[in-house]
Every structure is written in C-alpha cells, then in structure tokens.
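Heads up, the thing below is written out as structure tokens.
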Amino acid sequence: MTQTSENVTWLTQEAYNQLKAELEYLSGPARTEISVKIAAAREEGDLRENGGYHAAKEEQGKMELRVRQLSQLLEHAKVGEAPADDGVVEPGMVVTIAFDDDPDDTLTFLLASREYASSDIETYSPQSPLGTGVNGKRTGDVAEYELPNGKMASVKILAAKPYTG
C-alpha cells in the first residue's frame, strides 16, 4: 500500500522490499546486460543505421529513468502498516463507488501510488481528481471531484476495504 503526502511515500514492508529489489537489479545486473548489448551492437558498424544499437540505447535510457524514480521514491519512503479496516477511504484501500447514486454504475479500484499498480485491479492515485475527492471519506459518504473538463462530478462511497494483494 502506498500513501503519498507532499514528499513522503508510505509503503508496506512488502512493497518497500519489492521496490528495493527492483532497484538493486536495475542498478547492477541489468546495467551490465544493457552495456553488453550496446557494445555488441556498436561492433556491428555504422551507428547511424544500426537499429540494434539505437534500441539498446533507448532501453538503457528507460532503465536509468526507472532507477532515478525508484531511488527518489525509496529515499522518501516511510514503512508502515496497511490501513485499518474502518471504512475510511485512504491510500491502500480498495474502494467501490457508485456514479450519480446509480447502484448499477459502479467502479472498484485501489487507491494507491502508480508504483503499486497491478494488472489485478485498476489503480487510482491519491493525487488524481477522483482520488482527491474520495480520500478521507467514509462508506456511505458522497464525494465530489472536478473532471478534466472543469465540471464537477459526484460519487457515493459503497465500500472501502484494505488491499490484501
């Protein structure tokens, strides 16, 4: 679970360990692998028309960006417990909402940092318009948030349970 306030990111121990392991891999073995790919592609000759070289350099750039992102995230991380199962919407909770009080038009999502996104459940950032609107509300509350077009929308909080992975 991740909770972000200004410069602090709250992570469970499991999430912290997972991100730390990814950073260690990208900073060590993955850097060595990409260097070998670049060197091999460079030996193929003319770099202007060398697709393998350009692909390897692009992959290296993406990897280095991820290393910087993880380093910054972990530098400001605080390890804590998962949120309480008290019906209050907060980062680390799986939230079910109904749009415009229509019980048939619902959405269930994890309120968490994109770092914790998975293919199992849709993830909304606490800083997103919807995330900001529902954060701190209780089951049964109505939350308002601003749409990208500037109009206001409202949703009813149907459930908020801690994410269990």
Side-chain angles (χ1 to χ4, degrees), residues 1-42 47 52-97 107-139 141 143-148 150 153 155 157 159-165:
M1 286 12 92
T2 307
Q3 174 180 345
T4 307
S5 60
E6 296 310 311
N7 291 324
V8 177
T9 301
W10 293 93
L11 299 170
T12 60
Q13 187 65 54
E14 179 185 352
Y16 180 86
N17 293 346
Q18 180 182 351
L19 294 173
K20 182 95 170 137
E22 181 183 354
L23 177 60
E24 288 171 2
Y25 170 74
L26 291 175
S27 298
R31 273 192 178 141
T32 303
E33 291 168 17
I34 196 69
S35 295
V36 170
K37 281 184 187 178
I38 290 171
R42 185 178 285 134
L47 297 181
Y53 174 79
H54 293 290
K57 288 296 281 184
E58 185 175 325
E59 183 181 342
Q60 180 186 38
K62 289 178 181 176
M63 187 179 74
E64 291 303 323
L65 174 62
R66 181 69 176 155
V67 165
R68 285 192 303 275
Q69 289 171 333
L70 288 171
S71 295
Q72 184 177 22
L73 176 76
L74 293 173
E75 180 181 325
H76 299 289
K78 299 285 186 209
V79 177
E81 295 300 314
D85 188 1
D86 57 6
V88 175
V89 178
E90 61 184 304
M93 301 292 275
V94 175
V95 183
T96 302
I97 58 172
L107 172 68
T108 299
F109 61 92
L110 171 62
L111 185 64
S113 165
R114 296 283 178 211
E115 295 300 326
Y116 214 86
S118 75
S119 59
D120 298 340
I121 187 167
E122 196 164 350
T123 304
Y124 281 81
S125 165
Q127 286 77 36
S128 69
L130 177 59
T132 302
V134 299
N135 199 4
K137 301 290 186 195
R138 296 184 159 280
T139 300
D141 287 353
E144 288 195 341
Y145 63 100
E146 187 174 346
L147 297 170
V155 294
I157 313 295
K161 298 284 182 192
Y163 180 66
T164 57

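Values reported hereafter were calculated over all heavy atoms of this structure, with side chains retained and with hydrogens, waters and symmetry mates removed.
Of all the heavy atoms in Asp86 and Arg138, the pair that sits closest is O-NH1, 3.5 Å. Of all the heavy atoms in Gly133 and Tyr145, the pair that sits closest is CA-CB, 4.1 Å. Closest of all the heavy-atom pairs between Leu23 and Ser71 is CD1-OG, 3.7 Å. Contact between Gly92 and Leu110 at its shortest, heavy atoms only, is C-CD1, 4.0 Å. A pairwise comparison of heavy atoms in Glu122 and Thr108 identifies CB-O, 4.5 Å as the closest pair.
Residues satisfying the salt bridge (Lys or Arg N to Asp or Glu O under 4.0 Å) test with Lys161, not counting sequence neighbours, are Asp85. Taking the salt bridge (Lys or Arg N to Asp or Glu O under 4.0 Å) definition, one finds that Glu59 meets it with Lys37, sequence neighbours left out. With sequence neighbours excluded, no residue forms a ring pair (Phe, Tyr, Trp, His ring centres under 6.0 Å) with Tyr16.
One distance of note links CZ of Arg66 with OH of Tyr25; it measures 13.5 Å at 0.5 Å rounding. Summarising the geometry, atom CG belonging to Leu74 is positioned 9.5 Å from atom CD belonging to Glu24; distances are rounded to the nearest 0.5 Å. Summarising the geometry, atom CD1 belonging to Ile97 is positioned 13.0 Å from atom CG belonging to Asp141; distances are rounded to the nearest 0.5 Å.
Between Lys57 and Ile38, the closest side-chain pair of non-hydrogen atoms falls below 4.5 Å. Pro129 has its side chain out of reach of Leu147: every pair of non-hydrogen atoms, C-beta onward, lies at least 4.5 Å apart. Inter-residue side-chain proximity for Glu90 and Asn135 is flagged as met; some heavy-atom pair is nearer than 4.5 Å. For the pair Tyr124/Val134, no side-chain contact is recorded, criterion being any heavy-atom separation below 4.5 Å from C-beta on. Inter-residue side-chain proximity for Lys62 and Glu58 is flagged as met; some heavy-atom pair is nearer than 4.5 Å. Leu130 has its side chain within reach of Leu107: a pair of non-hydrogen atoms, C-beta onward, lies under 4.5 Å apart. Counting only heavy atoms from C-beta outward, the side chains of Arg31 and Val67 approach each other to under 4.5 Å.
Between the Thr123 side chain and the Leu111 main chain, no donor and acceptor come within less than 3.5 Å of each other.
More than 12 non-hydrogen atoms from other residues, nucleotides or ligands lie less than 6.0 angstrom from CD of Glu64.
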